[in-house]
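Side chains are part of it too, since the values below use all heavy atoms of this structure and drop only hydrogens, waters and symmetry mates.
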Protein chains: 2
Amino acid sequence: MNPIQAPTLEMNFLLQQVFEADHVWQTLPAIAELLDLDTAAAILEEGAKFCGEQIQPLNRAGDEQGVCFDGTQVKTPDGYPNVFRQYAEGGWVGLCGEPEYGGMGMPKMLGVLLDEMGYSASNAFTLYGALTAGAALCIHAHGTEELKALYLPKLYSGEWAGAMDMTEPQAGSDLRNIATRAVPQADGSYRINGSKMFITGGDHDLTSNVIHLVLAKIQGSDGISLFLVPKFKVNAAGDLGDANGVTVGAVEHKMGLKGSATCVMNYDDAQGYLIGRANRGLVCMFTMMNYERLSIGIQGLGSAQSAYQMAAEYAKERLQGLAAGGSTTGAQADPLIVHGDVRRMLLNIRALTEAGRALAVMTGMQLDRAKYAAVDADKQQATRFAALLTPVAKAFLSDRGFDACVMAQQVFGGHGYISETGVEQLVRDTRIAQIYEGTNGIQAIDFLGRKLAGDNLVTVTEFFAMLRQQQQSCAPAFAQELQQLQTLQQQFLDVIASINQQKHDKPALINAVAVDALDAFGYLLYGHFWLMMADRALKATTLPAAFVSGKQQLCRYYFAKLLPRVASHLAVVAAGDDSVMQPAADWF
Amino acid sequence: MNPIQAPTLEMNFLLQQVFEADHVWQTLPAIAELLDLDTAAAILEEGAKFCGEQIQPLNRAGDEQGVCFDGTQVKTPDGYPNVFRQYAEGGWVGLCGEPEYGGMGMPKMLGVLLDEMGYSASNAFTLYGALTAGAALCIHAHGTEELKALYLPKLYSGEWAGAMDMTEPQAGSDLRNIATRAVPQADGSYRINGSKMFITGGDHDLTSNVIHLVLAKIQGSDGISLFLVPKFKVNAAGDLGDANGVTVGAVEHKMGLKGSATCVMNYDDAQGYLIGRANRGLVCMFTMMNYERLSIGIQGLGSAQSAYQMAAEYAKERLQGLAAGGSTTGAQADPLIVHGDVRRMLLNIRALTEAGRALAVMTGMQLDRAKYAAVDADKQQATRFAALLTPVAKAFLSDRGFDACVMAQQVFGGHGYISETGVEQLVRDTRIAQIYEGTNGIQAIDFLGRKLAGDNLVTVTEFFAMLRQQQQSCAPAFAQELQQLQTLQQQFLDVIASINQQKHDKPALINAVAVDALDAFGYLLYGHFWLMMADRALKATTLPAAFVSGKQQLCRYYFAKLLPRVASHLAVVAAGDDSVMQPAADWF
């Protein structure tokens with residue numbers, strides 16, 4: 001199996017032709033002064049090189065070896081500490097971090113592509129850096145100047161790592177009932193006591209300190225607050241001091257992601273520092289959550305990209321059976337790629353992965369506009385669009401990513417079930433992306449309940465108007481696709497409007513139809529991306545001919561074979577919740 | 001987690017009300033004299049008890065421990081040999097075996113339900129017995145009297161086990177290119193040399209001998225023949241002699257099914273006995289294959305049933321979040337089962353699993369009619385129907401079974417990803433059912449290419465006519481569902497007829513659209529089963545009220561939420577193969 005090659009041509013195509021990043025960046029002064037398309041391309045090349053040469057070789061062995069917990073300290077698989085140090089020194093952890101604290105200040109629109117490369121190379125390894133970047137983001141947005149100055153440089157440089165400590169045994173999807181307690185101390189800090197579970201990267205040997213962001217309730221209050229709790233105390237000069245009462249209770253045995261430590265964390269009189277305002281911890285967490293949810297969607301996307309490459313390579317090399325019309329070569333057996341069903345699987349993966357990458361870039365772009373736009377109205381619109389797209393990016397990318405890995409495994413036949421081949425690891429590793437960081441069901445309820453019905457479809461209508469505007473510049477050759485998309489967009493709005501009208505009489509309705517609503521939206525949006533990619537490729541002058549014709553063919557495939565799913569999901573939404581809510585609980 | 005309870009009430013409902021097994025058995029003299037509904041119910045109870053009490057407790061530990069290979073002998077997980085002996089002594093391996101050789105002579109219509117229980121309890125354990133029964137079936141159908149007398153009693157009694165040795169590194173889905181060779185000997189036996197891979201149960205410590213059915217080419221011929229090759233030689237009295245040159249080269253490390261030994265087998269001058277005619281080995285294998293493919297479909301079904309029970313139990317116990325309309329109990333949190341999206345997942349699993357069980361029973365029934373029917377025309381019709389249904393049972397049951405396990409895992413949230421919970425093992429174990437015994441893509445090509453287009457839709461038209469006849473006895477309350485089904489059946493036939501007309505001009509067409517054709521048929525057929533189950537439950541006088549109303553509710557759910565998939569898959573079939581075949585091989 002060849003090493004995975006990050007698809008930098010595809011990535012540059014999205015930045016340059018589809019999203020015209022140079023125009024976008026001109027509207028974001030902080031970005032424009034740092035970055036142009038050539039620099040972005042150079043960063044992509046560097047990232048691809050590092051991920052392919054350094055991270056990917058750790059992946060299989062990391063799965064076999066797993067993390068090891070001796071009762072005190074977590075040890076990551078061989079090679080992780082060394083490569084993480086190089087990764088950090090290369091500036092990759094701080095890629096999108098704030099320049100004033102040592103970050104590189106790159107936009108998320110670029111960052112998502114590097115995230116994808118990392119996850120393609122290794123889900124487990126890449127999580128450590130992703131969580132560190134997420135923790136830094138939260139500290140930057142809500143921490144005091146003192147905390148920022150003390151912690152951000154070390155997090156961006158990857159000397160220290162971050163972790164998000166939310167879940168407790170009785171409080172997973174529903175955080176209201178967390179029991180971890182914080183008691184104010186005379187010096188302004190808090191004493192934290194309690195226990196958390198499912199803490200990704202809760203402990204490891206990659207860095208000299210782990211900075212935990214811990215949700216807890218301040219004594220006497222039922223509100224939830226957020227605290228920075230380092231594994232080792234940090235003095236004002238940034239030097240490490242004593243252990244801080246943060247210990248690992250256990251490390252979980254999991255289906256996959258075995259190189260990533262999933263920890264039970266215990267806090268015994270640990271010293272913590274309030275981040276943001278008291279009782280407003282969930283708000284602080286949610287700043288980070290938009291980014292983290294996008295990142296976890298990209299975990300699915302990155303896995304899908306690897307899965308595609310592995311399966312396509314295998315399909316071109318593995319000789320088995322003859323082409324339906326007779327052998328293409330006269331040999332005893334043709335490569336799998338001659339078989340329509342094998343092509344179907346590869347085309348499904350590829351069409352969904354390329355559109356998925358566009359979704360990641362678009363979501364990143366909205367996050368960038370929300371943060372950096374010079375014009376306030378742009379900022380506000382982008383904030384709404386980012387909020388609309390985030391649950392879709394998280395759920396749809398991870399769902400389709402898992403499907404992609406399963407399909408790629410199918411291309412391998414029996415060999416796909418054998419550990420040595422590597423594709424079964426992708427299935428196991430990627431599965432968690434549908435679950436953590438808010439299950440995909442919860443994403444869908446957020447999407448339909450808050451993001452669509454919550455503002456009576458104002459944002460989604462505005463969003464569709466933006467898509468239509470982009471679509472109108474398409475070449476006349478795409479008139480039929482354009483028509484199909486616009487009809488489906490209207491059908492989508494009609495069905496959702498009907499749900500919105502019923503929601504007060506039927507309180508369970510949103511929850512019952514949310515997943516199909518999100519899927520309908522996802523497949524519809526991917527139709528838009530395929531139209532744009534096909535059109536923009538046709539108009540570009542610098543792309544290889546095979547690339548351009550490939551985009552036309554894959555666009556046609558998408559509209560013929562995958563877009564019909566929109567109607568199917570909409571039918572399920574329209575069917576409402578009666579048949580879902582009717583059975584009595586004890587009948588199940 | 002409570003032990004899995006086999007759904008004997010559901011099973012008896014299918015036998016008694018839906019398929020009226022007593023009437024069927026009256027047309028099968030060999031069965032009628034052995035079995036009535038009460039005896040069948042008693043056998044189901046016994047089986048449920050054994051599977052729940054003996055087999056299921058081995059399942060988790062078997063996954064953790066796995067099989068062990070010391071370079072000579074394969075050791076199964078602790079407890080396997082003891083429970084297999086009890087299983088065999090209970091007559092379960094020989095349940096559907098021939099009475100004249102010590103089998104119990106039960107119909108497959110009943111056997112499928114026991115298979116389901118076994119797979120529900122443990123995929124890995126149950127395979128050993130399933131392969132033994134399959135080998136016996138093949139020997140009975142094609143072996144000489146001498147081989148039958150020598151081997152069948154030991155296989156039915158489970159003293160010896162069976163294995164099917166087909167795949168070689170260069171010959172998986174396409175067996176034409178196998179390289180294992182057989183040289184005729186003066187005594188009428190053959191000397192076998194070569195190597196096979198992916199041999200399930202190729203070696204183990206459950207029985208004193210393993211009887212391999214090996215595909216090989218007789219020296220000087222390119223035809224494929226089938227040979228019986230025991231691990232230890234057997235003398236005329238049935239005593240074990242020397243080792244027979246059949247050794248294990250390696251045991252695979254796999255995604256799941258870790259309690260089942262997947263072996264590389266080497267034959268060094270092993271003594272083998274021709275089964276059936278020379279060069280007709282594939283025909284012999286296919287006798288068994290109908291049964292084995294059904295069995296592997298049922299692996300998916302059994303896993304789905306376990307997954308449902310685990311997830312439903314968890315959803316009723318796990319407190320998380322409040323019901324959308326406010327708490328149902330006034331407590332801090334409601335059980336997951338109040339949430340529409342959790343119900344959606346459970347209802348999807350259950351609706352597909354209950355209909356799936358009906359598919360298994362119907363397929364078993366056709367196999368029984370094909371084998372035992374008193375009237376020749378019945379036999380011939382049933383042979384065609386069994387051939388039509390077998391690829392559907394294999395692929396659709398295992399695909400929906402895998403989906404079910406993944407959805408059940410989702411119900412568990414983060415806990416579903418942790419090994420201790422057990423549901424992730426189901427996902428890993430079941431995944432292989434979509435691959436082995438002919439990948440599901442190959443099943444679909446067999447279905448569309450041979451079973452539908454191969455006879456110009458004659459069989460499927462006849463089959464739909466039979467369904468319509470059954471549907472016409474439904475209560476008037478189901479008029480709307482009846483109408484929906486009949487419209488879809490006609491649409492299905494129209495789309496397939498169009499494919500059939502194009503197949504000569506477009507040789508790649510069948511292969512490219514086969515999977516969607518099979519899925520459309522599967523969801524359509526499940527619609528039929530739901531209609532029948534709802535109607536027959538309503539008409540029954542002896543069923544619990546909650547059972548009857550549950551069937552009405554789930555039928556309504558199926559028609560509202562799952563039947564729309566038929567149209568979606570048909571649209572994909574109708575879109576043809578142009579967009580699939582267009583991209584050049586090296587573009588992938």
Open item on the list: Could you go through Val548(B) and Gln552(B), starting from their C-alpha distance and side-chain angles, then the distance that decides it, and tell me whether this counts as side chain to side chain contact (heavy atoms under 4.5 Å, CB included)?
Closed with: CA-CA 7 Å; Val548(B) 175; Gln552(B) 311 311 309; 4.0 Å; yes
TODO: Check the pair Leu554(B), Leu347(B) against side chain to side chain contact (heavy atoms under 4.5 Å, CB included), reporting the backbone distance first and the verdict last.
DONE: CA-CA 7 Å; Leu554(B) 212 40; Leu347(B) 289 165; 3.5 Å; yes
Task: Stepwise side chain to side chain contact (heavy atoms under 4.5 Å, CB included) check, Asn348(A) with Leu562(A) - done: CA-CA 8 Å; Asn348(A) 272 5; Leu562(A) 293 167; 3.6 Å; yes
Task: Ile499(B) vs Ile510(B), side chain to side chain contact (heavy atoms under 4.5 Å, CB included): CA-CA, chis, key distance, verdict - done: CA-CA 7 Å; Ile499(B) 298 295; Ile510(B) 297 278; 4.1 Å; yes
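Interface remark: Ala585(A) contributes backbone and side-chain atoms alike to the contact with chain B (heavy atom separation under 4.5 Å). For chain A, the nearby parts of Asp341(B) are the backbone and the side chain; heavy atoms of each come within less than 4.5 Å. With a 4.5 angstrom heavy-atom cutoff, Asp578(A) does not touch chain B via any of its atoms. The contact between Arg350(A) and chain B is made entirely by side chain atoms (from C-beta outward), counting heavy-atom distances below 4.5 Å. Of the two parts of Leu257(A), the backbone and the side chain both hold a non-hydrogen atom closer than 4.5 Å to a non-hydrogen atom of chain B. Only the side chain of Phe402(A) comes within less than 4.5 Å of a heavy atom of chain B; its backbone N, CA, C and O stay farther away. Heavy atoms of Ala323(A) lying under 4.5 Å from chain B are absent altogether. At a 4.5 Å heavy-atom cutoff, Tyr436(A) makes no contact with chain B through either its backbone or its side chain. At a 4.5 Å heavy-atom cutoff, the contact between Ala584(B) and chain A is made by backbone atoms alone. For a residue to count as touching a neighbouring chain, one of its non-hydrogen atoms must lie under 4.5 Å from one of that chain's; by this rule Tyr308(A) touches chain B with the side chain only. For chain B, no part of Val566(A) is nearby; none of its heavy atoms comes within less than 4.5 Å. With a 4.5 Å cut-off on non-hydrogen atoms, Ala560(B) touches chain A through its backbone and its side chain both. Only the backbone of Pro169(A) comes within less than 4.5 Å of a heavy atom in chain B; its side chain stays farther off. Contacts between His415(A) and chain B at a heavy-atom distance below 4.5 Å involve backbone atoms as well as side-chain atoms. For chain B, the nearby part of Met197(A) is the side chain; its heavy atoms alone come within less than 4.5 Å. Of the two parts of Ala575(B), the backbone and the side chain both hold a non-hydrogen atom closer than 4.5 Å to a non-hydrogen atom of chain A. For chain B, the nearby parts of Lys561(A) are the backbone and the side chain; heavy atoms of each come within less than 4.5 Å. Residue Ala514(A) does not touch chain B at all, counting heavy-atom pairs closer than 4.5 Å. Looking at Ile418(B), both its backbone and its side chain come within 4.5 Å of chain A, counting heavy atoms on both sides.
The greatest number of non-hydrogen atom pairs below 4.5 Å with chain B, out of Ala444(A), Gly576(A), Ala574(A), is found for Gly576(A). The greatest number of non-hydrogen atom pairs below 4.5 Å with chain B, out of Asp577(A), Asn177(A), Thr439(A), is found for Asn177(A). For the set Arg431(A), Arg176(A), Gln582(A), the entry with the most heavy-atom pairs within less than 4.5 Å of chain B is Arg431(A). By number of non-hydrogen pairs under 4.5 angstrom with chain A, the leading residue of Gly172(B), Pro564(B), Ala333(B), Ala508(B) is Gly172(B). Counting heavy-atom pairs closer than 4.5 Å to chain A, the top residue among Ser173(B), Ala546(B), Ala571(B) is Ser173(B). With respect to chain B, the highest number of heavy-atom pairs below 4.5 Å among Glu252(A), Lys506(A), Met345(A) belongs to Glu252(A). Among the candidates Gln425(A), Arg565(A), Arg318(A), the residue making the largest number of heavy-atom pairs closer than 4.5 Å to chain B is Arg318(A). Of the residues considered (Arg556(A), His339(A), Gln332(A), Gln410(A)), Gln410(A) shows the highest number of contacts with chain B, using heavy-atom pairs under 4.5 Å. By number of non-hydrogen pairs under 4.5 angstrom with chain A, the leading residue of Gly414(B), Ala315(B), Ala312(B) is Gly414(B). Taking His253(B), Lys254(B), Glu424(B), Arg343(B) one by one and counting their heavy-atom pairs under 4.5 Å with chain A, the maximum is reached by Arg343(B). Comparing Gly449(B), Ala567(B), Gly256(B) by heavy-atom pairs within less than 4.5 Å of chain A, the highest count is held by Gly256(B).
For the atom pair CG (Leu346(B)) and CD1 (Ile337(B)), the distance works out to 5.0 Å, reported to the nearest 0.5 Å. Gln309(B) contributes atom CD, which lies 14.5 Å from atom CZ of Phe588(A) (distance to the nearest 0.5 angstrom). Note that CE of Met166(B) is 6.5 Å distant from CG of Leu175(B), once rounded to the nearest 0.5 Å.
Listed for the Arg60(A) side chain is a donor-acceptor partner under 3.5 Å among the backbone atoms of Ser419(A). A donor-acceptor pair under 3.5 Å is absent between the side-chain atoms of Thr430(A) and the main chain of Val427(A), judged by distance alone. Between the Lys503(B) side chain and the Ala453(B) main chain, a donor and an acceptor come within less than 3.5 Å of each other. Looking at Tyr417(A), its side chain does come within 3.5 Å of a backbone N or O of Arg428(B) through a donor-acceptor pair. Judged purely by atom type and a 3.5 angstrom limit, Trp530(A) has no side-chain atom pairing as donor or acceptor with the backbone of Phe559(A).
In summary, the side chains of Gln434(A) and Asp399(A) do present a donor paired with an acceptor at a separation below 3.5 Å, with no hydrogens or angles considered. Counting only N and O atoms by type, the side chains of Asp174(A) and Gln320(B) include no donor and acceptor under 3.5 Å apart.
A cation-pi arrangement is not found for Lys196(B) relative to Phe198(B), the charged atom failing to lie both closer than 6.0 Å to the ring centre and inside a 45° cone about the ring normal.
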